[in-house]
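To start, the structure itself, in C-alpha cells.
Numbers here are sequence positions counted from 1. Atoms within a ligand are numbered from 1 in the order they appear, just like the ligands themselves. Since we're looking at a predicted model, the values are computed, not measured.
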Amino acid sequence: MNLPSNLLPSYSLRERNTLGFTVLAQMAVPITTPSQIPEAIAFAKDQGLPYQVLGGGSNVVLPIQLSGLTLLMDMDVIEVVQNNVAGVQLRTAAGVNWHHFVGWTLDHGYGGLENLALIPGTVGAAPIQNIGAYGVEVKDYVEHVEAFDCESMQWVKLYQSDCQFSYRNSIFKVNPSRYVISTIVFNLPHIWQPRITYADLQSYFANRSIDSIKANDIFTAVCTIRSQKLPDPKVIGNVGSFFQNPIVSNSHLLTLKEQYPKIVSYTESTTHSKLAAGWLIDQCGFKGMQSGAVGVHDKQALVLTHRGNGSALELLALAKTIQGAVKERFGVDLVIEPVVYK
Ligand SMILES: Cc1cc2nc3c(=O)[nH]c(=O)nc-3n(C[C@H](O)[C@H](O)[C@H](O)COP(=O)(O)OP(=O)(O)OC[C@H]3O[C@@H](n4cnc5c(N)ncnc54)[C@H](O)[C@@H]3O)c2cc1C
C-alpha cells in the first residue's frame, strides 16, 4: 500500500483544536477530494494504524499525542443541485466552514439555517452530533449524507431517516470511526417562517412585529447574542457546551422542583424533561472558578475553558469533579458532549 503523497508526519494540531491544547498527530493527511478518503483509510488499515477524522476541532478533546492517522477535512465546495418552486437543494463538501455556509445561504436568499449561525466547525461535522441552537437542529435540513463506510470500504448514501438523529446524537456519533462524511445535501424550502421562541431571541425582537423579521435579522441577532454569551475560542480555548443538557423523567423533575423551585427545565416529551446543565453547575458553585490552566466560564457555567499551557487531563479532571458534585446534589448524570480521544 502506497504512502498517501501528502502525508504529514508529526503534525501539530495546536491550531486545529479550539481548546488550544498542544497536540501532535502521529500522522495527518489533508483531504481535499473524496477519492483521498478510501486511500487514506486503506493505508491506515494496511499499516494497522488507528485513524480519526478532524474538521475544525471545535468539539473534540485531544491528548498530547494523537496516535495513528488523522484525516484533516479540507474539501471546500458548495453547489446548487436544483432550485424549484418548493425550495433549493445544496450539495456541500465536508470541509466547508459551517458559519461561512450559513452566511452563503443567506447571501443567496435561502433562509432556514440562520438560527445555527456562528457555530464553529465544519459542515461535515454538523450531522455528527446533530448541531442545534435556538430551537433549530441541522437534521431538519439534511436530505442525505454521503460517506465512506470504513467497515464495508464502500461509499454509502444515508438519508435523513437513516441517520438516527436525536438530541446531540446520530448514527455517526454512536459508530465512531465507521463513517467519513464527504458531502451533505441540504433541502432548504422557500416557505420560511421565523423561529424566535427562545427567550433571548424573543427579547431581542421584543419591539418588532413578527411579519417584519427576516432571516438576515435572525442571523444578526443570533451572532450578537452568541458573541455576548460565549467565549471566542480564538481568545479563550473552549468547545462550547461541555456537557449535554440532561433529560430526566417528569417524576424526577417534580421531586427536584420541591427542593429547587427555580430549577430550569424544558418539556422534552410527555414523560421527560430537559434540565439546563449550566444551571445545575452554577448551583454547585463552579461558575467562574479557575483550576490552574482550566476553568468554568464566568458567563456560562456549561462552558469549560483553557487559558494556555494546560492539557486534556486537567480539563477532564475538572469535568469529573463537576459531574460528581451535580450527581451528589441533584442525582443527575452529566454526559460530556465533545468527543474525547485517548
Ligand atoms: C464557542 C463554541 C460554541 C458552540 N456552539 C454549539 C452549538 O450552539 N450547538 C452545537 O450543536 N454545537 C456547538 N459547538 C460544538 C461544535 O461547534 C460543533 O459540534 C461542530 O459541529 C463541530 O465541528 P468541527 O468541524 O469542529 O468538528 P470536530 O471537532 O473536528 O469533530 C467533532 C467530531 O466529529 C467527527 N467528524 C468531524 N468531521 C467529520 C467528517 N467529515 N466525517 C466523519 N466524522 C467527522 C470527528 O471525528 C469528531 O469525532 C460549539 C463549539 C464552540 C467552540
For this session: Taking all non-hydrogen atoms of both residues into account, name the closest pair between Val60 and Pro338 and its distance.
Result: N-CB, 4.1 Å
Seminar exercise, completed: Contact region, Val339 to ligand 1, non-hydrogen atoms below 4.0 Å, reads side chain
For this session: Check ligand 1 against Ala133 and write out every atom of the ligand that is under 4.0 Å from a heavy-atom position of the residue.
Result: 8 (O)
Problem set entry | Part of Ser58 with heavy atoms under 4.0 Å of ligand 1, whether side chain, backbone, both or neither | both
Problem set entry | Over 12 foreign heavy atoms within 6.0 Å of CG, Asp298 | yes
For this session: For this output row, return yes or no: ring centroids of His99 and Phe219 closer than 6.0 angstrom.
Result: yes
For this session: Any atoms of ligand 1 less than 4.0 Å from a non-hydrogen atom of Ile181? List them with their elements.
Result: 40 (C), 41 (N), 42 (N), 43 (C)
Exercise. Are Val174 and Val339 connected in the hydrophobic side-chain network, where two residues link if heavy atoms are under 4.5 Å apart?
Worked result: no
For this session: Can you pull out the closest protein heavy atom to atom 24 (P) of ligand 1? Residue, atom name and distance to 0.1 Å, please.
Result: Gly56 N, 3.4 Å
For this session: Find all atoms of ligand 1 within a distance of less than 4.0 Å from any non-hydrogen atom belonging to Met73, and give their numbers and elements.
Result: 41 (N)
For this session: Report yes if Gly132 has an N/O atom closer than 3.5 Å to an N/O atom of ligand 1; otherwise report no.
Result: yes
Problem set entry | Near-ring test His100/Trp104, centroid separation under 6.0 angstrom | no
Problem set entry | Val180 N/O to ligand 1 N/O under 3.5 Å | no
Exercise. Using 30° and 60° as the class limits, which term best fits the ring planes of Trp279 and Phe330: parallel, tilted or perpendicular?
Worked result: tilted
Exercise. Counting heavy atoms only, which part of Asn17 comes closer than 4.0 Å to ligand 1: side chain, backbone, both or neither?
Worked result: neither
For this session: Measure Tyr179 to ligand 1 on non-hydrogen atoms and call it side chain, backbone, both or neither using the 4.0 Å cut-off.
Result: backbone
Exercise. Please walk me through it: do Glu337 and Gln129 pass side chain to side chain donor-acceptor pair (under 3.5 Å)?
Worked result: CA-CA 9 Å; Glu337 187 174 293; Gln129 70 155 6; 3.2 Å; yes
Problem set entry | Donor-acceptor side-chain pairing of Gln89 and Asn187 below 3.5 angstrom | yes
Seminar exercise, completed: Closest to atom 17 (O) of ligand 1 (heavy atoms only, candidates Pro120, Ser177, Gly121) is Pro120
Problem set entry | Under 4.0 Å to a heavy atom of Gly57 - the qualifying atoms of ligand 1, by number | 24 (P), 26 (O), 28 (P), 29 (O), 30 (O)
Exercise. To which protein heavy atom is atom 29 (O) of ligand 1 closest, and what is the distance rounded to 0.1 Å?
Worked result: Asn59 N, 2.7 Å
For this session: Identify whether the distance between the nearest side-chain nitrogen and carboxylate oxygen of Asp282 and Lys299 falls below 4.0 Å.
Result: no
Exercise. Cut-off 3.5 Å, side chains only: do Thr32 and Gln36 have a donor facing an acceptor?
Worked result: yes
Exercise. Counting both backbone and side chain atoms, is some N or O of Arg226 under 3.5 Å from an N or O of ligand 1?
Worked result: yes
Exercise. Identify the closest protein heavy atom to atom 27 (O) of ligand 1: which residue and atom is it, and at what distance?
Worked result: Ala125 CB, 3.3 Å
For this session: Kindly state whether the ring of Phe186 and the ring of Tyr141 have centres lying under 6.0 angstrom apart.
Result: no
Problem set entry | Ligand-side contact atoms (ligand 1) for residue partner Val60, heavy atom cut-off under 4.0 Å | 29 (O), 31 (O), 32 (C), 48 (C)
Exercise. Between Ser170 and Gln164, is any side-chain donor less than 3.5 angstrom from a side-chain acceptor?
Worked result: no
Exercise. Is Ala94 close to ligand 1, meaning an N/O of one under 3.5 Å from an N/O of the other?
Worked result: no
Seminar exercise, completed: of all protein heavy atoms, closest to atom 21 (O) of ligand 1 is Ile131 CG2, 3.3 Å
Problem set entry | For ligand 1, the portion of Ile128 having any non-hydrogen atom under 4.0 Å away | side chain
Problem set entry | Glu137 versus Asn130, side-chain donor and acceptor atoms under 3.5 Å | yes
For this session: Consider every N or O of Asn238 and every N or O of ligand 1, then say whether any pair is closer than 3.5 Å.
Result: no
For this session: State the OG-CD1 distance between Ser203 and Ile225, to the nearest 0.5 angstrom.
Result: 7.0 Å
Problem set entry | Side chain, backbone, both or neither: Arg168 near ligand 1, heavy atoms under 4.0 Å | side chain
Exercise. Does Val53 reach ligand 1 with a nitrogen or oxygen that is under 3.5 Å from one of the ligand's nitrogen or oxygen atoms?
Worked result: yes
For this session: Using distance alone, determine whether Gly55 and ligand 1 share an N or O pair under 3.5 Å.
Result: yes
Problem set entry | Residue, atom name and distance, where the atom is the protein heavy atom closest to atom 12 (N) of ligand 1 | Gln129 NE2, 3.1 Å
For this session: Mind running side chain to side chain donor-acceptor pair (under 3.5 Å) on Ser273 and Asn250 for me, showing each step along the way?
Result: CA-CA 6 Å; Ser273 297; Asn250 287 343; 2.7 Å; yes
For this session: Before signing off on this row, confirm whether Ile119 and ligand 1 have an N or O atom pair separated by under 3.5 Å.
Result: no
For this session: Identify, by atom number and element, the atoms of ligand 1 in contact range of Gly240, meaning under 4.0 Å from any of its heavy atoms.
Result: 2 (C), 3 (C), 4 (C), 50 (C), 51 (C), 52 (C), 53 (C)
Exercise. Should the ring pair His190 and Tyr110 be called parallel, tilted or perpendicular, given that the plane angle runs from 0 to 90° and is split at 30 and 60?
Worked result: tilted
Problem set entry | Geometric N/O contact Tyr341 with ligand 1, under 3.5 angstrom | yes
